[in-house]
Trainee: 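Here it is, the structure, as structure tokens.
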Amino acid sequence: MIPESEYFKRRAKLVNVLKPNSLCLLLAAEYKVRSNDSEYPYRQNSNFYYLSGFKEDQSALLFLKKNKKTKTILFVAKKDKLQELWNGKRCGIKRAKKLFDVDEVYGFDELEEKLALFTQEKKHLYFDFANQAFAKKYLRNYLKSIKHIHNIAPHIEQLRLIKSDAEIKLIKKAISITKEAHHRAMTKAKELRFEYELQAELEYEFKKNGAYSDAYTSIVACGNAANTLHYISNNKALKKGELILIDAGCEYEYYASDITRTIPASGKFSKEQKELYEMVLEVQLRILSMIKPGVKRSELQKEAVKLLTKGMIDLGILQGSIKHNIKKEKYKKYYPHGIGHWMGLDVHDEAPYKNKKGEEIPLFERMVLTIEPGIYLPKDDKNIPKKYRGVGIRIEDDVLITKDGYENLSAGIAKSVEEIEELS
């Protein structure tokens, strides 16, 4: 768990970017309707959670800055026995005052009244522009009267780029649970009939180990289905002789994991599948070896493109020189995505890739990102040698940047042909 002292430090860092005579409002997520009067399980807004550690809806965090002094105010839903009968216990104002290191705590139903008081003579207003509809509901009376309006989200996301010890510990825990899930999938795959059965095995392992939610909808794609990058139907048959691309990771205490493995449905790779798989794996291992502080993601992407292009030429999937195929972007037909992304509170973490000057941010100690080369060869593409058609392969690990290099946080998840076949 992350201690309240860390949330306090995060808030203190954010306050430093606020201009004097300003107000900053952050709102909790609302419940999202699934159908009619039923809702999806509640998940707090990541930026709000990053600064508060508060998991309930009907809550807000307000910063009031005057000169160099700042007041931090938390709004929470009041205790209500009838509501709690239906929807569960609330923290309430009294307990929130004990748990959270803020200056004042009020009921959420007092927010509009307090805003009317606090916004007087304020020149600067900050809120998360991605949450405009909800924010405007409470700020509508002040948007015209306050001279300067700013998006607070980029400042929070900049803080989220560098992970603390407590955050890294939670990410490692999420990955350790995801490891058990992927190994279970490798063990069970040849016994099962449908993709959704394999998905159920993964998600059983998540929940069994205390990860109550997946970090994103699991992808379990057998054969040609793996060539749809965001395939989540997971309703096709598992066919012997085909590969299964599994992109699945759990969320533990709000922190994500994101792992992809590609395994044989029958437990053994064919000669052709092994050729493709080991080509992608070799690329991934090379990219991993490049990682250290100061390196840019664009450099990793450039090398991945070069190596995957060479590999596809060697296997007869692409024709011509490496230089020609890269210049004409021929490789994009079979490798259309990037080498990886930031990961943290969100699986695609809301953290910047460029600084204020528009320059790419290099890797720095305590960043966490994924490394995920892949190759996608559609069944109906007659330019591909027939023996390789209908195969999609991606290999993805989660990496922590260290002082001198990197730590592959998911190194314990079977990845080589031999390791996967031994578990299958």
Side-chain angles (χ1 to χ4, degrees), residues 1-14 43-55 155-183 205-206 209-216 247-261 284 287-297 300 339-353 361-372 396-413 415:
M1 298 292 290
I2 295 175
E4 172 59 17
S5 59
E6 184 166 322
Y7 292 109
F8 179 85
K9 289 176 183 177
R10 293 173 184 176
R11 294 192 290 268
K13 287 180 181 178
L14 185 68
R43 207 280 188 181
Q44 187 58 277
N45 173 276
S46 292
N47 279 343
F48 181 85
Y49 184 77
Y50 182 78
L51 292 170
S52 68
F54 196 56
K55 297 180 179 180
H155 301 290
I156 304 171
E157 291 155 8
Q158 180 70 39
L159 296 176
R160 287 172 57 181
L161 194 52
I162 305 299
K163 306 300 188 284
S164 68
D165 288 344
E167 289 181 294
I168 292 167
K169 187 176 180 180
L170 291 175
I171 291 170
K172 286 182 174 180
K173 177 64 175 179
I175 292 170
S176 72
I177 295 171
T178 297
K179 170 187 172 180
E180 297 305 315
H182 275 271
H183 284 178
E205 202 69 36
F206 292 164
N209 288 287
Y212 306 119
S213 173
D214 46 29
Y216 51 97
D247 188 339
C250 73
E251 179 178 284
Y252 183 81
E253 286 297 325
Y254 277 75
Y255 282 83
S257 57
D258 186 4
I259 304 296
T260 307
R261 292 294 186 261
Q284 199 220 27
I287 300 306
L288 287 170
S289 73
M290 294 172 61
I291 294 177
K292 61 182 179 181
V295 171
K296 295 178 180 178
R297 285 175 60 260
L300 302 179
I339 192 60
H341 53 80
W342 305 137
M343 191 187 79
L345 276 172
D346 297 301
V347 67
H348 288 254
D349 216 23
E350 287 284 351
Y353 291 94
I361 297 172
L363 300 183
F364 195 82
E365 187 179 0
R366 293 180 174 272
M367 290 178 174
V368 175
L369 74 159
T370 66
I371 298 296
E372 49 180 307
E396 179 180 23
D397 283 300
D398 301 335
V399 174
L400 169 68
I401 309 304
T402 61
K403 183 178 179 181
D404 301 313
Y406 75 97
E407 179 186 352
N408 184 353
L409 301 178
S410 47
I413 303 176
K415 185 165 64 174

Trainee: Quick one, Ile339 and Ile371 - any side-chain contact, counting heavy atoms below 4.5 Å?
Mentor: yes

Trainee: Which residues pass the side-chain contact (heavy atoms from CB on, under 4.5 Å) test with Ser164, sequence neighbours left out?
Mentor: Glu6, Arg10, Ala166, Glu167

Trainee: What's the verdict on side-chain contact (heavy atoms from CB on, under 4.5 Å) for Glu157 and Asn47, showing C-alpha distance, side-chain angles and the deciding distance?
Mentor: CA-CA 8 Å; Glu157 291 155 8; Asn47 279 343; 3.6 Å; yes

Trainee: Flag the pair Arg366 and Asp165 as a salt bridge only when some basic side-chain nitrogen lies within less than 4.0 angstrom of an acidic carboxylate oxygen.
Mentor: yes

Trainee: Who passes side-chain contact (heavy atoms from CB on, under 4.5 Å) against Phe364, sequence neighbours left out?
Mentor: Ile162, Met367

Trainee: List the atom of Ala256, the atom of Met343, and the distance in Å for their closest heavy-atom pair.
Mentor: O-CE, 3.3 Å

Trainee: Starting at CG of Asp398, measure out to CD of Glu407 and round the result to the nearest 0.5 Å.
Mentor: 11.5 Å

Trainee: For Gln158, which residues count as a side chain to side chain donor-acceptor pair (under 3.5 Å) partner, sequence neighbours excluded?
Mentor: none

Trainee: Give the minimum heavy-atom separation between Ile287 and Leu300, together with the two atoms involved.
Mentor: CD1-O, 3.5 Å

Trainee: Report the distance from atom CG of Asp397 to atom CD1 of Ile175, rounding to the nearest 0.5 Å.
Mentor: 8.5 Å

Trainee: Using 0.5 Å steps for rounding, measure from the CG atom of Leu369 to the CG atom of Leu363.
Mentor: 6.0 Å

Trainee: Quick one: ring-ring contact (aromatic ring centres under 6.0 Å, His included) partners of Phe54, sequence neighbours excluded?
Mentor: Phe100

Trainee: Given the rule in the side-chain hydrogen bond (donor to acceptor under 3.5 Å, both in side chains) test, do His341 and Asp258 qualify, once you have shown the distances and angles that lead to the verdict?
Mentor: CA-CA 10 Å; His341 53 80; Asp258 186 4; 3.0 Å; yes

Trainee: Can you tell me which residue pairs pass the side chain to side chain donor-acceptor pair (under 3.5 Å) test with a partner in residues 168-183, sequence neighbours excluded?
Mentor: Thr178-Ser257

Trainee: Which pair of non-hydrogen atoms, one from Tyr50 and one from Ile156, has the smallest distance, and what is that distance?
Mentor: CD2-CG2, 4.0 Å

Trainee: Tell me, please, which residues at least two apart from Ser46 pass side-chain contact (heavy atoms from CB on, under 4.5 Å).
Mentor: Arg43, Arg160, Leu345, Asp346

Trainee: For Tyr252, enumerate each residue passing the side chain to side chain donor-acceptor pair (under 3.5 Å) test, keeping only those at least two apart in sequence or located in another chain.
Mentor: none

Trainee: Could you please spell out the steps behind the side-chain contact (heavy atoms from CB on, under 4.5 Å) verdict for Thr370 and Glu396?
Mentor: CA-CA 7 Å; Thr370 66; Glu396 179 180 23; 3.5 Å; yes

Trainee: Of all residues at least two apart in sequence or in a different chain, which pass the ring-ring contact (aromatic ring centres under 6.0 Å, His included) check with His155?
Mentor: none

Trainee: Among residues at least two apart in sequence or on other chains, which ones pass side-chain contact (heavy atoms from CB on, under 4.5 Å) with Tyr406?
Mentor: Leu288, Ile291, Val399, Asn408

Trainee: So, taking the atom named NZ in Lys292 and the one named OG1 in Thr402, what distance separates them when rounded to the nearest 0.5 Å?
Mentor: 11.5 Å

Trainee: Measure the OH-NE2 distance between Tyr216 and His348 for me, rounded to the nearest 0.5 Å.
Mentor: 8.5 Å

Trainee: Would you give the length of the straight line joining atom OH of Tyr49 to atom OH of Tyr7, rounded to the nearest 0.5 angstrom?
Mentor: 3.5 Å

Trainee: Can you sort out the partners of Tyr254 under side chain to side chain donor-acceptor pair (under 3.5 Å), two or more places apart, ordered by chain and number?
Mentor: none

Trainee: Grab the two heavy atoms, one from Ile177 and one from Phe206, that are nearest each other, plus how far apart they are.
Mentor: CG2-CA, 3.8 Å

Trainee: Can you list the residues that meet the side chain to side chain donor-acceptor pair (under 3.5 Å) rule with Asp404, with sequence neighbours excluded?
Mentor: none

Trainee: Kindly give the heavy-atom pair with the smallest separation between Leu161 and Lys163, and that separation in Å.
Mentor: O-NZ, 3.6 Å

Trainee: Any idea which heavy atoms bring Lys415 and Gln284 closest together, and the distance?
Mentor: NZ-OE1, 2.9 Å

Trainee: Go through the structure and list residues passing ring-ring contact (aromatic ring centres under 6.0 Å, His included) with Tyr353, not counting sequence neighbours.
Mentor: Trp342

